[in-house]
There are 2 protein chains.
Amino acid sequence: MASKKVLIVDDEFSIRDMLRMALEIADFECLEADNIQDAHRLVVDERPSIVLLDWMLPGGSGIELLRRLKRNETTAEIPVIMLTAKAAEDNVIQGLDVGADDYVTKPFAPRELIARIKALLRRSVGGDDRDRLEIDELVLDIDSRRIFVAKSPIEMGPTEFNLLQFFMSHPERAYTRNQLLDHVWGANVYVEERTVDVHIRRLRKALQGGVKDYSDLIQTVRGTGYRFSSKGMVAG
Amino acid sequence: MASKKVLIVDDEFSIRDMLRMALEIADFECLEADNIQDAHRLVVDERPSIVLLDWMLPGGSGIELLRRLKRNETTAEIPVIMLTAKAAEDNVIQGLDVGADDYVTKPFAPRELIARIKALLRRSVGGDDRDRLEIDELVLDIDSRRIFVAKSPIEMGPTEFNLLQFFMSHPERAYTRNQLLDHVWGANVYVEERTVDVHIRRLRKALQGGVKDYSDLIQTVRGTGYRFSSKGMVAG
DNA sequence: AATTTACGTGACAGTTAAGTGACGGTGGCT
DNA sequence: AGCCACCGTCACTTAACTGTCACGTAAATT
């Protein structure tokens with residue numbers, strides 16, 4: 001198995017260091033962040049297989065990040081393990097409610113943590129989650145984060161990829177620009193509605209680039225927004 | 001899963017907020033109300049798939065709303081889950097009598113609540129859950145905002161779509177031009193009555209465009225306005 | 001049958017929404 | 001630092017839809 005990426009989010013250097021060491025011994029690749037902004041960016045850009053999230057962080061508590069991740073379609077599936085001080089049982093409950101998949105109380109034995117990580121990865125990888133979405137000869141490979149048209153890869157930016165992933169997981173449905181912003185960009189980000197148009201255009205352009213032209217899978221719904229649909233596809 | 005609308009009726013902001021968060025993570029679309037009047041209006045206008053109803057509300061207790069909903073034919077089918085303080089066992093009995101479909105006592109785990117919501121939706125919706133209106137081979141798909149005639153899509157403008165959606169939700173009934181303006185264009189817009197005629201014509205034309213001609217579902221009621229009716233449809 | 005009234009229809013111009021190309025800014029990478 | 005990819009926004013173009021009119025036609029009224 002290719003080594004899996006683990007994102008460590010903790011503001012204490014010593015803890016990160018200890019975790020990194022334990023994880024690397026267990027053959028995981030490590031990413032680190034000591035604040036929410038970096039962490040979120042790393043999740044989006046690097047798409048780790050799992051996130052270890054400390055509860056207490058400067059600039060917004062861990063639950064804030066957790067909410068953001070779970071609310072966003074493209075990051076919600078990534079398992080999150082909360083790291084929490086022993087006393088704060090309340091937080092555990094709260095965290096599990098918001099969507100954390102497991103928690104470990106400090107101080108913890110690295111062995112235990114790694115066991116839990118492996119358990120979660122087994123669950124998420126082995127489960128019913130499919131790692132690719134396809135329509136006709138258009139294939140979106142979630143694991144490698146690549147798009148193929150008739151077996152050959154086509155290029156697009158991360159946002160276009162996320163947008164397409166969202167569309168392909170929710171076909172035959174019209175979405176407003178704001179809904180797309182919520183699902184693809186994440187709620188509580190502030191960007192103009194019209195920005196969606198531009199990314200739609202970039203995505204369409206990318207979908208034209210391949211051997212086959214799939215750009216009209218993305219349809220404009222005037223007065224509303226956009227829709228992804230394979231209905232009425234012409235064979236050939 | 002297609003996202004379903006859930007109406008949260010509770011006067012405490014914190015509870016609403018918590019519920020909204022949990023529900024959005026579970027991919028539900030949320031509506032909120034903190035009083036009976038707003039709640040009732042939202043039920044009628046938005047037609048949520050389910051209502052979460054707090055027992056204690058300012059301006060009339062939750063049971064009042066429950067009665068109103070269950071008494072009305074068009075809202076009676078919407079499942080209602082009561083949210084109730086632990087002590088008040090009596091209320092639960094009373095609520096179930098009046099027609100609540102389930103209840104959850106506070107404090108509750110969001111996971112549990114979501115499980116119940118899903119259970120109820122499964123029960124009431126049955127299998128595949130798409131919002132659509134259909135008459136014979138004419139299908140209006142609300143989710144994708146498309147019209148199909150005999151499975152193939154036909155084109156029309158937004159206003160025509162809205163008009164048809166209104167007609168198909170209110171068949172067998174004559175409406176004056178002004179009523180149509182109110183319902184389809186919205187009150188407080190000022191347009192000429194005759195404008196309706198033009199859109200009716202455009203809609204009829206669109207309904208002729210498909211494989212089958214459905215234009216005479218829209219009938220002129222001379223001296224009054226128009227009516228959508230499937231009565232007297234000719235087979236073939 | 002003539003007249004009046006209401007609706008149907010095609011055309012038109014103003015308005016609004018979406019498509020598009022360009023640009024500056026940012027952050028990662030070498 | 002310098003380069004590169006990408007993002008968000010803007011200004012402008014293009015396309016689509018809207019509302020209204022003028023005129024044609026059908027139905028009621030006389």
Side-chain angles (χ1 to χ4, degrees), chain A residues 31-33 35 37-47 74 145-147 153-164 174-182 184-186 188-209 213 215-216 218-228, chain B residues 145-147 154-164 174-178 180-182 184-186 188-209 213 215-227:
Chain A
L31 305 164
E32 297 181 21
N35 65 75
Q37 286 69 35
D38 287 357
H40 190 261
R41 193 171 38 71
L42 278 171
V43 170
V44 171
D45 290 354
E46 299 284 341
R47 306 201 61 80
T74 60
R145 275 184 80 76
R146 284 204 291 181
I147 310 287
I154 60 175
E155 301 297 324
M156 63 179 68
T159 305
E160 281 70 59
F161 182 91
N162 291 339
L163 191 53
L164 182 57
Y175 290 95
T176 65
R177 292 169 175 72
N178 272 320
Q179 286 175 319
L180 290 172
L181 285 173
D182 278 358
V184 179
W185 277 251
N188 66 28
V189 284
Y190 175 65
V191 282
E192 291 290 318
E193 284 198 5
R194 290 300 307 279
T195 299
V196 174
D197 297 33
V198 177
H199 284 278
I200 288 279
R201 175 178 153 277
R202 287 168 183 162
L203 178 52
R204 277 173 174 160
K205 192 164 233 172
L207 290 175
Q208 278 173 12
D213 183 348
S215 59
D216 44 3
I218 294 169
Q219 297 158 2
T220 303
V221 185
R222 190 161 231 274
T224 303
Y226 298 95
R227 167 183 56 214
F228 183 89
Chain B
R145 267 188 90 78
R146 283 207 287 189
I147 310 288
I154 61 175
E155 302 295 325
M156 63 180 68
T159 306
E160 282 71 60
F161 182 92
N162 293 338
L163 191 53
L164 182 57
Y175 290 94
T176 65
R177 292 169 175 72
N178 271 319
L180 291 172
L181 284 173
D182 279 356
V184 178
W185 277 251
N188 65 30
V189 285
Y190 175 66
V191 281
E192 292 290 319
E193 283 199 359
R194 292 299 308 279
T195 299
V196 175
D197 298 32
V198 177
H199 284 278
I200 289 280
R201 177 182 149 273
R202 286 169 183 163
L203 178 52
R204 277 172 174 160
K205 188 164 235 171
L207 291 176
Q208 280 172 13
D213 182 348
S215 59
D216 43 4
L217 291 178
I218 294 169
Q219 296 155 3
T220 304
V221 184
R222 201 182 163 83
T224 305
Y226 298 93
R227 168 184 55 214

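Per chain, numbering begins at 1; letters A, B, ... match sequence-line order.
Panel note: side chain Arg227(A), backbone Val221(A); no donor-acceptor pair is recorded below 3.5 Å.
When every heavy atom of Ile147(A) is checked against every heavy atom of Met156(A), the shortest pair comes out as CG1-CE, 3.6 Å. Across all non-hydrogen atoms, the minimal contact from Ile154(A) to Ala206(A) is CD1-O, 3.6 Å.
To the nearest 0.5 Å, atom CZ of residue Phe161(B) and atom CZ of residue Arg146(B) are 10.5 Å apart.
Applying the 4.0 Å criterion to OP1 and OP2 of dG19(C), one finds that Arg204(A) has a side-chain N or O inside that range. The side chain of Thr220(A) contributes no N or O atom lying less than 4.0 Å from OP1 or OP2 of dA18(C). One finds no side-chain N or O of Trp185(B) lying less than 4.0 angstrom from the OP1 or OP2 phosphate oxygen of dT18(D). At the phosphate of dT9(C), neither OP1 nor OP2 sits under 4.0 Å from any side-chain N or O atom of Lys205(B). For dA26(D), the OP1/OP2 oxygens have no side-chain nitrogen or oxygen of Arg222(B) closer than 4.0 Å.
Donor-acceptor pairing under 3.5 Å, judged by distance alone, is absent between the side chain of Arg41(A) and the base of dG28(C). Between the base of dG8(C) and the side chain of Arg194(B) there is a donor-acceptor pair shorter than 3.5 Å. One can find a donor-acceptor pair under 3.5 Å joining the base of dG8(D) and the side-chain atoms of Arg202(A).
Taking atom CD1 of residue Ile200(B) and atom C1' of nucleotide dT18(D), one finds them 15 Å apart after rounding to whole Å. For the pair Glu155(B) CD and dC17(D) C1', the computed distance is 13 Å after rounding to whole Å.
Nearest to the side-chain atoms of Val198(A) among the listed nucleotides dC17(D), dT9(C), dC10(D) stands dC10(D). Distance from the side chain of Glu192(A) is smallest for dT9(D) among the nucleotides dT9(D), dT18(D), dG10(C). Picking from dG8(C), dT20(D), dC7(D) the nucleotide with the shortest atom distance to the side chain of Tyr226(B) gives dG8(C).
With a 4.5 Å cut-off on side-chain heavy atoms, Thr159(A) and Trp185(A) count as touching.
Using a 4.0 Å heavy-atom cutoff across all strands shown, Glu160(B) reaches sugar-phosphate atoms only and no base atom.
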